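In this text, all values refer to a predicted model and were calculated from it rather than measured experimentally.
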Amino acid sequence: MATPKKTASEPVLRPRIRILCGNDVAFGPGKAELLEHVAETHSLNQAAKRMGMSYMKACCLWGL
């Protein structure tokens with residue numbers, strides 16, 4: 001007997017947390033991803049390239 005095919009994927013819960021300072025996002029998913037890439041590459045420039053963003057934008061996110 002054949003196994004029935006799944007037509008729809010199971011729902012997945014992926015919460016995203018943002019830390020606000022007033023109305024500005026002080027820390028969110030983008031900054032978290034940038035930090036992960038910096039930890040892996042040891043380079044803000046390489047981390048920015050992995051995310052497809054400019055070095056200047058990464059500097060702004062980083063707070064430089």
Heavy-atom pair with the smallest gap, counting every atom of Ser54 and Ala48: O-CB, 3.8 Å

Quick check: closest heavy atoms across Asn45 and Tyr55, and the distance to 0.1 Å?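 So the minimum-distance heavy-atom pair works out to CA-CD1, 3.7 Å.
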
Do Lys49 and Thr41 come close enough that some side-chain heavy atom pair is under 4.5 Å? no

Quick one: side chain to side chain donor-acceptor pair (under 3.5 Å) partners of Glu40, sequence neighbours excluded?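 With neighbours one apart ignored, the set is Arg50.
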
Do any pairs count as a salt bridge (charged side-chain N to carboxylate O under 4.0 Å, His left out) and have a residue in residues 20-29, sequence neighbours left out, and if so which ones?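 Sorted result for residues 20-29: empty, none.
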
Report, one line per pair, each donor and acceptor closer than 3.5 Å where one atom sits in a side chain of residues 27-37; sequence neighbours left out.
unit_1, atom_1, unit_2, atom_2, d
Lys31, NZ, Ala26, O, 2.9
Glu33, OE2, His37, NE2, 3.4

Is atom CG of Leu20 surrounded by more than 12 heavy atoms (other residues, nucleotides or ligands) closer than 6.0 Å? yes

Can you get from Met51 to Met56 by hopping between Ile, Leu, Val, Met, Phe, Trp and Tyr side chains that sit under 4.5 Å apart?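 Shared cluster, no.
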
